[in-house]
Amino acid sequence: MSTTQTLTYAQLVESLSAEDILREFPEIVNLARITGAPTSSSSSEQTDDLFNGHDEEQIKLMDELCIVLDNDDKPVGAGTKKLCHIMENIEKGLLHRAFSVFLFNDEGKLLLQQRATEKITFPDMWTNTCCSHPLAVPSELGSDLPTSIEGVKVAAQRKLEQELGIKAEDVPLENFKFLTRIHYKAPSNGKWGEHEIDYILFIKANPTVVPNLNEVRDYQYVDANELKELFKKPELLFTPWFKLICESYLFKWWESLDDLDKFKDDKINRLL
């Protein structure tokens, strides 16, 4: 353990083998046992301080099985959303797969959402159209990068409907454009946080939005200049991953919505 204390966080995560991760977190489910059921019963049955005062519907969602990864985005197993978002586990290097959708209408405006007050992590913060996790199920898992990209598109379509009431026919899978992957870590509060390899998906669409108020407090379309003005308002809070993406990538992508292929890459961009 003395050597690990000298490592940076990025070095710690890079050093962890699949065997290390499974040994440290025995709750992780072997992927060979995944049959299509999206959840585990291990989280919500536990009445611990982590969930005190939180919304019951959001607590149930903490049973969902996320895809636990090694540093190279290779699936190691399935861990509950609760397991993957406890900051103590994150500090030990626990990493999972996520996606971020950026939906633009015909005017080139980006659909933002404000996360609901009921959310356990990052409540009331403004963010991109939809940010969530593919589940450890066959349709969303993937065995290599191309199939993993297809899996996150399926997950994105599912969550756009669950959070914003956007119908699948308004966001066909073939219309999602994958750009890149971003590896980042961000605390939410003392108990919860994020540590993800985030697949970036762009889509152009003009859907009807019917927000699920347990997920989304508010939403709006903005152009690039309007978003920059929102960032200047001290009363507004933004999710850390959205700010990271905006600072490093978003505005140059936004200028080329009809020519996004030039930005596509197979890299994992490390923003730790």
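Here the structure is a predicted model, which is why all the values come from computation and not from measurement.
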Could you tell me which residues satisfy side-chain hydrogen bond (donor to acceptor under 3.5 Å, both in side chains) with [X], sequence neighbours excluded, listed by chain and number?
X	answer
Glu14	none
Glu247	none
Lys74	none

So, using side-chain contact (heavy atoms from CB on, under 4.5 Å) as the criterion, who are the partners of [X] when residues are at least two apart?
X	value
Ala18	Val76
Asn225	Asp223, Lys228
Asp20	Leu16, Ser17, Arg23
Ser100	Phe102, Asn128, Cys131, Asp198, Ile200, Trp241, Ile245

Original post:
Considering residues at least two apart in sequence or located in another chain, which fulfil the ring pair (Phe, Tyr, Trp, His ring centres under 6.0 Å) criterion with Phe99?
Top reply: none
Subject >> Partners passing salt bridge (Lys or Arg N to Asp or Glu O under 4.0 Å) against Lys243 (at least two apart in sequence or in another chain) >> reply: none
Run the side-chain donor-acceptor check on residues 107-117: report pairs under 3.5 Å with partners two or more places apart or on a different chain.
from: Gln113; atom 1: NE2; to: Thr129; atom 2: O; distance (Å): 2.9
from: Gln113; atom 1: NE2; to: Glu163; atom 2: OE1; distance (Å): 2.8
from: Gln114; atom 1: NE2; to: Asp124; atom 2: O; distance (Å): 3.1
from: Arg115; atom 1: NE; to: Thr121; atom 2: O; distance (Å): 3.4
from: Arg115; atom 1: NE; to: Phe122; atom 2: O; distance (Å): 3.0
from: Arg115; atom 1: NH2; to: Thr121; atom 2: O; distance (Å): 2.7
from: Arg115; atom 1: NH2; to: Thr121; atom 2: OG1; distance (Å): 3.3
from: Thr117; atom 1: OG1; to: Asp124; atom 2: OD1; distance (Å): 2.5

Subject >> Sequence neighbours excluded - salt bridge (charged side-chain N to carboxylate O under 4.0 Å, His left out) pairs with any residue from residues 262-272 >> reply: Asp259-Lys262
**OP:** Would you mind listing every ring-ring contact (aromatic ring centres under 6.0 Å, His included) that reaches into residues 127-166, with sequence neighbours excluded?
**Re:** His85-His133, His96-His133
